2 protein chains.
Amino acid sequence: MSRPTNWCHSDQNPAYRGRMSSSPQSSVPEIHVAVDLIVLTLRGGELSVLLIQRDDEPHKGSWALPGGFIEYGEDLDGAAYRVLSDEASLGSGAVHLEQVRTFGAPGRDPRGHVVSVAFMALGADLPDPLRGEDVADARWWSIADLDGISLAFDHATVLEASIERARSKLEYTTLAVTFLPEEFTISQLRGVYESVWGRSLDAGNFHRKATRSEGFLVELDRHAAPTGGRPARLYRAGSGTSLVPPLLRAGD
Amino acid sequence: MSRPTNWCHSDQNPAYRGRMSSSPQSSVPEIHVAVDLIVLTLRGGELSVLLIQRDDEPHKGSWALPGGFIEYGEDLDGAAYRVLSDEASLGSGAVHLEQVRTFGAPGRDPRGHVVSVAFMALGADLPDPLRGEDVADARWWSIADLDGISLAFDHATVLEASIERARSKLEYTTLAVTFLPEEFTISQLRGVYESVWGRSLDAGNFHRKATRSEGFLVELDRHAAPTGGRPARLYRAGSGTSLVPPLLRAGD
DNA sequence: CCAAAAGTGTTCTCGCTACACCCATGT
DNA sequence: ACATGGGTGTAGCGAGAACACTTTTGG
């Protein structure tokens with residue numbers, strides 16, 4: 001990373017010299033680094049996000065994304081997993097974690113300059129959150145129900161960017177399986193696409209495209225319990241990560 | 001931003017309380033925030049990146065990406081533009097700037113924990129860099145010539161991620177025009193795709209697809225000076241940003 | 001007239017859509 | 001039997017690839 005060449009302040013700010021001592025003598029306030037988590041799952045066929053109601057100023061009473069500061073020496077992913085486990089009681093095996101973008105406008109947090117790395121976490125049927133400290137409430141929100149709600153900080157923007165990222169990645173990656181349990185049917189997989197994209201897909205065509213994408217699915221010998229019709233074959237996720245050809249959402 | 005809810009350290013570290021005072025009393029060293037720039041342009045039909053040869057430890061003598069620390073209160077984009085102007089003498093009008101990803105592994109800089117936001121900057125026929133302070137050398141490298149070279153820090157990874165991002169975005173956005181001057185011909189545009197993707201494209205088919213993509217190009221009444229054949233019509237960039245249908249690189 | 005680059009036309013193929021149709025189960 | 005969801009077959013359409021062909025310039 002960094003500091004490739006002329007360190008902009010290397011000759012002005014002692015904090016940037018040598019081994020980066022921990023206490024700069026200057027009175028310049030520090031920039032803080034945080035992670036924000038956009039935890040997405042499907043609840044009853046609805047794409048849903050985990051939000052927390054703030055119990056402190058600023059934005060007291062507003063709904064916000066879970067997040068927290070990064071500790072010195074901690075990996076970005078590690079911090080995201082820690083927040084996930086602290087605030088959503090989710091182990092690292094249960095979710096797919098992926099960096100979305102970093103937000104660092106100086107005015108986004110009224111208390112100071114906070115640079116926040118947004119992480120998207122996708123999981124299958126995640127449990128109801130435990131209420132953490134300093135939290136008035138915590139619960140899953142269906143994306144559709146968030147229309148009139150205004151989120152704290154710039155979290156509406158962050159959430160919007162993450163959802164669009166997820167929608168887009170379903171097209172050309174095998175990301176959809178992260179919304180499902182270990183074993184699943186093609187119908188369940190189609191349900192993921194329909195829920196995330198908000199449109200219905202032709203069952204027959206979807207079946208063909210999904211089963212023919214190299215590396216997407218592994219066929220099992222078992223079938224799911226029937227739900228009023230022919231029992232569906234079970235599959236698990238294949239080893240591939242990219243979907244060729246892609247599964248496009250374009251066609252109206 | 002953030003700090004949505006239970007601030008992980010809000011009750012332990014005074015720096016995270018109230019208005020975020022600038023001088024924590026604890027002895028925990030600070031995390032520093034930097035930007036790294038992947039400046040890409042076309043030089044003689046070759047996709048090229050601006051690198052700087054380090055004049056200080058660590059990695060003294062190695063080639064690295066230009067970069068610098070973010071100042072308190074400074075926007076991420078603003079910091080990127082500042083580094084661009086300081087180290088590459090490029091004004092903000094000349095380039096397209098876009099965030100790629102943030103790298104924050106604690107061991108990536110031996111001097112301390114530096115979280116670095118990578119920005120990709122694309123421009124048309126950018127000038128040779130001026131040599132900044134603390135820089136042994138600075139020059140354009142053709143991507144192809146970098147094969148055996150090992151870059152400082154984790155910059156090889158950062159560069160690789162950026163190039164793949166650029167290649168991919170040419171498919172479904174109008175990003176290619178940022179590599180060209182204000183007015184250009186379809187052949188020049190095709191040359192961008194060929195250089196970045198490293199493969200040749202059918203001139204006729206490309207012409208049709210480019211001119212028929214809504215919002216991609218604006219046709220001008222003038223023509224370029226002929227180069228041994230029929231003079232090519234001039235175009236300038238249209239107002240659209242996404243390319244529908246996309247221009248895929250898949251075929252062979 | 002010839003070479004070379006800019007554009008246009010044409011054919012073939014392949015993937016997707018729509019929808020008909022058969023399969024396997026519960027009631 | 002019939003309803004319901006799982007899965008396959010198939011005709012038609014539309015976009016891309018390959019390449020022939022026309023246009024417009026310079027030598």
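Here the structure is a predicted model, which means the values were calculated and not measured. First the proteins, then the strands, lettered A, B, ... as listed; each starts at 1.
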task = Kindly say if A:Arg208 contacts the phosphate of C:dG15, meaning a side-chain N or O under 4.0 Å from OP1 or OP2.
result = no
ask   = Relative to the 5' end of DNA chain C, which residue comes earlier, A:Pro246 or B:Thr227, by the nucleotide with the nearest heavy atom?
value = B:Thr227
Value in whole Å for how far the C1' atom of C:dC16 lies from CG of A:Leu248 = 10 Å
ask   = Which whole-number value in Å describes the distance from A:Arg190 CZ to D:dG6 P?
value = 6 Å
ask   = Is A:Leu189 close to A:Phe179 at the side-chain level, that is, under 4.5 Å between some pair of heavy atoms?
value = no
key: Flag if over 12 foreign heavy atoms under 6.0 Å of CZ, A:Arg139   = yes
query = What is the distance, rounded to the nearest whole Å, between atom CZ of A:Arg233 and atom P of C:dT25?
reply = 12 Å
request  = Examine distances only and state if a side-chain atom of A:Ser195 and a backbone atom of A:Gly45 form a donor-acceptor pair shorter than 3.5 Å.
outcome  = yes
task = Round to the nearest Å and state the distance from B:His207 atom NE2 to C:dG7 atom C1'.
result = 5 Å
request  = Can you figure out which of C:dA24, C:dA18, D:dA18 approaches the side chain of B:Asp202 most closely?
outcome  = D:dA18
request  = Measure the distance from CG on B:Leu201 to P on D:dG16 and round it to the nearest whole Å.
outcome  = 13 Å
request  = Please tell me which of the listed nucleotides, D:dA17, D:dC19, C:dA24, lies nearest to the side chain of B:Lys209?
outcome  = D:dA17
inquiry  = On DNA chain D, compare the nucleotides closest to A:Gly204 and B:Pro231; which residue's is nearer the 5' end?
reply    = A:Gly204
ask   = For B:Arg212 and C:dG7, what is the distance between atoms CZ and C1' respectively, to the nearest whole Å?
value = 11 Å
query = B:Ser187 side chain N/O closer than 4.0 Å to the phosphate oxygens (OP1, OP2) of C:dA6?
reply = yes
inquiry  = Which is more 5' along DNA chain D, the nucleotide nearest A:Ala203 or the one nearest A:Gly229? Just name the residue.
reply    = A:Gly229
message = Could you report the tightest heavy-atom contact between A:Tyr235 and A:Glu219, atom names first, then the distance?
response = CD2-CA, 3.5 Å
remark   = note: A:Phe206, atom CZ; C:dT17, atom C1'; distance rounded to Å ~ 15 Å
inquiry  = Testing the basics here: between A:Phe216 and A:Ala210, what is the closest heavy-atom pair and its distance to 0.1 Å?
reply    = CD2-O, 3.7 Å
task = Rounded to the nearest angstrom, tell me the gap between atom NE2 in B:His223 and atom C1' in D:dG26.
result = 17 Å
